[in-house]
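Heads up: the structure comes next, in structure tokens.
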Amino acid sequence: MQFRTMTAQQQQERFEAIIEAEGKVEPKDWMPEAYRKTLIRQISQHAHSEVVGMLPEGRWITRAPSLRRKVALLAKIQDEGGHGLYLYSAAETLGVSREDMVSDLLTGKAKYSSIFNYPTITWADIGAVGWLVDGAAIVNQIMLQKASFGPYSRAMIRICKEESFHQRQGYEIILKLAQGTPEQKELAQDALNRWWWPSLMMFGPNDDASPNSAQSMAWKIKRISNDDLRQKFIDQTVPQANFLGLTIPDPDLKWNEERKAYDFGEIDWEEFFNVVKGNGPCNKERLRDRQEAHANGEWVREAASAYAAKKAERKEAA
Ligand code: 3HC
């Protein structure tokens, strides 16, 4: 039944029935305006995160310690760019334009994940980013594969297939260093010290401080809460750090036999909101680099649109 011929009541009921039945809402389906808006918000921020996330790793392509490491890092960064394109395309199906989303990022209006505002100081940071940042992203993105919006769920299924390589190559870098000379092991420990807490912040504020979670869970966009995903990440990562012989920088971290989970220390939410507000160590650098990359890519966009116009002209003339 075409939703245009339905009453508002019927449209709402049909939308709720799809959500209830674990179905997928597709772009052509009727959806509440608020559902559309929160999807545009989340998917565009997710896309921005993928694109900005290329910057901290990009700085190490020319300094990778071997050709093998360079090739793996290049492949990972190219994947992230592709993930950004899938997600911008998924957001566009909701009626927002690519230009508007990109302009929101370049003008500093749009959010992207706080994690990418931290510096990659040594090669070990590239390992920590793959191991911890992609590790945390995978925990979140596996959940998002079950999101109720079709294009987002399908983009996540595709992206998750590539993320596991990202996490594995990072973990292998850290493993090599942890099993190397004392200086190399120290590099790995220093990177863990600096990336552990910001990785926990990737999951967002505590559930009781999250303005979006309740509605997002009701619409089955978010399927598991911020705190539960964070706990899942901690419980799977601590044994990996133990195997590496590295120490998680949290004196309150302790296995809780009753909960069958790790108790952990208080996250510094002041730091989190400070970074989200734009006062992190690298926010300004990331924005400047992104603006520069966009400006340098102007000729590619011009050539692509000139080609498209020519093609349309020829089609018209045929
Ligand atoms: N960085 C920046 N902003 C954050 C944040 C973070 N780590 N965590 C939460 N926020 C923002 C939210 O966007 C929201 O602000 P807004 O209302 O202005 O958009 C506010 O803080 C409150 O947070 P909520 O928990 O209420 O918001 P959400 O329900 O949207 O949950 C989220 C936050 C869990 C990050 C959710 O948006 C989400 O799952 N997003 C998709 C996944 C994603 O973006 N991951 C980022 C990393 S992508 C990546 O790492 C790529 C990998 O290949 C390396």
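Counting starts at 1 for both ligands and their atoms, following the listed order.
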Check your understanding: Would you say the side chain of Trp131 lies within less than 4.5 Å of the side chain of Trp195, judging by non-hydrogen atoms?
Key ->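 Result no, sub-4.5 Å side-chain heavy-atom pair not found.
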Would [X] count as a contact of ligand 1 if the rule is a heavy atom under 4.0 Å away?
X      : answer
Tyr152 : yes
Ser216 : no
Leu144 : yes
Gly53  : no

Check your understanding: Which of these, Glu80, Lys222, Gln45, Glu163, has its nearest heavy atom closest to atom 28 (P) of ligand 1?
Key ->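 Closest candidate by heavy-atom distance is Lys222.
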Quick one: look up the protein heavy atom nearest [atom] and list residue, atom name and how far away it is.
atom                    : result
atom 18 (O) of ligand 1 : Lys111 NZ, 2.6 Å
atom 38 (C) of ligand 1 : Gln42 NE2, 3.3 Å
atom 46 (C) of ligand 1 : Ser113 CB, 3.6 Å

Practice item. Could you see which bit of Ser210 sits under 4.0 Å from ligand 1, with heavy atoms only: side chain, backbone, both or neither? Key: both
Check your understanding: With a 4.0 Å heavy-atom cut-off (strictly under), which part of Arg41 contacts ligand 1: side chain, backbone, both or neither?
Key -> side chain
Check your understanding: Considering the options Phe233, Trp197, Phe272, which one meets the ring-ring contact (aromatic ring centres under 6.0 Å, His included) requirement together with Phe203?
Key ->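 Among Phe233, Trp197, Phe272, the one that satisfies the ring-ring contact (aromatic ring centres under 6.0 Å, His included) with Phe203 is Phe233.
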Exercise for review: Kindly say whether the aromatic ring centers of Tyr88 and His48 come within a distance under 6.0 Å.
Suggested key: yes
Quick check against the 3.5 Å criterion: does [X] have a side-chain atom that pairs as donor or acceptor with the backbone of [Y]?
X      : Y      : value
Gln10  : Thr7   : yes
Ser305 : Glu302 : yes
Ser49  : Ser113 : yes
Arg223 : Met143 : no

